[in-house]
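Quick notes on the structure that follows.
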Amino acid sequence: MRFTKREIKDLFFAWILLSIAFAILFAGFEELLSSFFIVALLISALTAGIGFLLHELMHKYVAQKYGLYAEFQAFYKMIFLAIGLAFFGFIFAAPGAVFIKGNITRERNGKISVAGPVTNVILAIIFLIPLLLLNFNSPILQLFFDFGFRINALLALFNMIPVMPFDGAKVIAWDKRVFYIIGIIALGLFLASWVV
């Protein structure tokens, strides 16, 4: 994949700042100055942060496979809004988007768009398997897999909302069957995240 200097900077800062937002949400305001917040930040960076990063990179990868120009740009105002909302126990994460230029057909746009949520579905399943199969002696390890599962299930479902500018709107415009298959899997994983 080809990256611009600005894009590398935006990906890095979006990853770090989004990880901070999820750590605040995860740990709670009262833990902000505790050692648990550092643990929450590391878990967030390796779960929510990686989920976001791989989601955006898959959009870029598929776009570049089609020979299109694709560049991630961070939405810093939205990232700081996410951090602010996290203090109130809520998060709206729209840290940026991959902007694409070139010969974009409806099919190409749909395939580029579905690549992100599919990535989060796969990550959610990867985090879910140890939760189902293993007994953890470490509460931190349990939290890691639990949070990784929950956040990637949420990211998959959130991005499949069939309204612009979400990925779901572009997927449903291309192929309703793909939209419903991925949407139902994402919804199932999200609902499972409340009972696992």
Side-chain angles (χ1 to χ4, degrees), residues 1 3-61 70-98 115-131 134 136-159 166-167 186 189-190 192-194 196:
M1 280 191 284
F3 295 92
T4 65
K5 287 182 181 177
R6 172 193 167 165
E7 184 177 27
I8 292 169
K9 180 196 76 156
D10 276 8
L11 282 165
F12 176 76
F13 282 112
W15 175 37
I16 297 300
L17 294 170
L18 190 65
S19 298
I20 290 169
F22 276 104
I24 293 166
L25 180 71
F26 180 49
F29 178 72
E30 62 280 355
E31 297 288 340
L32 202 57
L33 298 176
S34 72
S35 59
F36 181 69
F37 181 76
I38 302 300
V39 172
L41 182 59
L42 289 172
I43 290 173
S44 296
L46 294 172
T47 57
I50 294 297
F52 144 74
L53 197 61
L54 291 178
H55 175 108
E56 298 300 340
L57 289 177
M58 283 308 295
H59 287 317
K60 182 179 177 72
Y61 174 78
E71 180 185 42
F72 175 81
Q73 293 178 16
F75 303 151
Y76 287 102
K77 288 181 183 177
M78 293 302 291
I79 298 171
F80 288 116
L81 175 65
I83 291 172
L85 290 173
F87 283 104
F88 298 97
F90 176 76
I91 202 157
F92 179 81
V98 174
V118 166
T119 300
N120 294 120
V121 163
I122 292 167
L123 286 171
I125 292 168
I126 289 170
F127 282 108
L128 175 61
I129 290 169
L131 284 174
L134 302 177
F136 294 99
N137 293 326
S138 165
I140 291 176
L141 204 54
Q142 171 87 32
L143 283 173
F144 170 77
F145 285 106
D146 184 58
F147 195 62
F149 169 54
R150 289 174 189 271
I151 196 59
N152 279 285
L154 174 63
L155 287 173
L157 183 62
F158 180 75
N159 279 282
F166 297 104
D167 295 327
L189 288 167
F190 178 73
S193 73
W194 290 96
V196 171

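Remember, it's a predicted structure, so these values are computed and weren't measured experimentally.
Aromatic ring centroids of Phe166 and Phe158 lie under 6.0 Å apart. In summary, the aromatic rings of Phe37 and Phe26 are positioned with their centroids too far apart to meet the 6.0 Å limit.
Atoms CG and CD1, from Leu17 and Ile83 in turn, are 5.0 Å apart once rounded to the nearest 0.5 Å. Ile91 CD1 to Leu81 CG: the interatomic distance, rounded to the nearest 0.5 Å, is 9.5 Å. Between atom CG of residue Leu123 and atom CG of residue Leu128 there is a gap of 12.5 Å, rounded to the nearest 0.5 Å. To the nearest 0.5 Å, atoms CD1 (Ile50) and CG (Leu18) are separated by 11.0 Å. Here the CG-OG1 distance, from Leu42 to Thr47, works out to 10.5 Å after rounding to the nearest 0.5 Å.
Within a 6.0 Å radius of CZ in Phe13, other residues, nucleotides and ligands contribute 12 heavy atoms or fewer. The environment of CD1 in Ile140 is sparse: at most 12 heavy-atom neighbours from other residues, nucleotides or ligands sit within 6.0 Å.
By the side chain to side chain donor-acceptor pair (under 3.5 Å) test, Gln73 pairs with Glu71, sequence neighbours left out. Evaluation of the side chain to side chain donor-acceptor pair (under 3.5 Å) rule for Asn159 yields no partner, not counting sequence neighbours.
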Quiz item: Can you check side-chain contact (heavy atoms from CB on, under 4.5 Å) on Ile151 and Phe127, steps first, answer last?
Solution: CA-CA 10 Å; Ile151 196 59; Phe127 282 108; over 6 Å; no

Exercise. Dump the intermediate steps for side-chain contact (heavy atoms from CB on, under 4.5 Å) on Leu131 and Gln142, then the final yes or no.
Key: CA-CA 7 Å; Leu131 284 174; Gln142 171 87 32; 3.6 Å; yes

Quiz item: Can you list the steps and then say if Phe149 with Leu189 is a side-chain contact (heavy atoms from CB on, under 4.5 Å)?
Solution: CA-CA 8 Å; Phe149 169 54; Leu189 288 167; 3.9 Å; yes

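Note on residues 115-126: pairs passing side-chain hydrogen bond (donor to acceptor under 3.5 Å, both in side chains), not counting sequence neighbours, are His55-Asn120, Asn120-Asn152.
Side-chain atoms of Asp10 and Glu7, non-hydrogen and from C-beta on, never get closer than 4.5 Å to each other. Contact check for Leu57 versus Tyr61: no side-chain heavy atoms found under the 4.5 Å cut-off.
Shown here for Gly49 and Trp15, the closest heavy-atom pair between the two residues is CA-CD1, 3.1 Å. Pairing each heavy atom of Ala86 with each of Ala21, the nearest pair is CB-O, 3.2 Å. Here the closest heavy-atom approach between residue Val98 and residue Ala70 is recorded as CG1-CB, 3.8 Å. Minimum interatomic distance between Ala153 and Ala124 (heavy atoms only, all atoms of both residues): N-CB, 3.8 Å. Of all non-hydrogen atoms in Gly89 and Leu25, the two that sit nearest each other are C-CD1, 3.3 Å. In plain terms, the two heavy atoms of Glu56 and Gly96 that are nearest each other are OE2-O, 3.8 Å.
A ring pair (Phe, Tyr, Trp, His ring centres under 6.0 Å) with Phe52 is found for one member of Phe12, Phe22, Phe72 and no other, namely Phe72.
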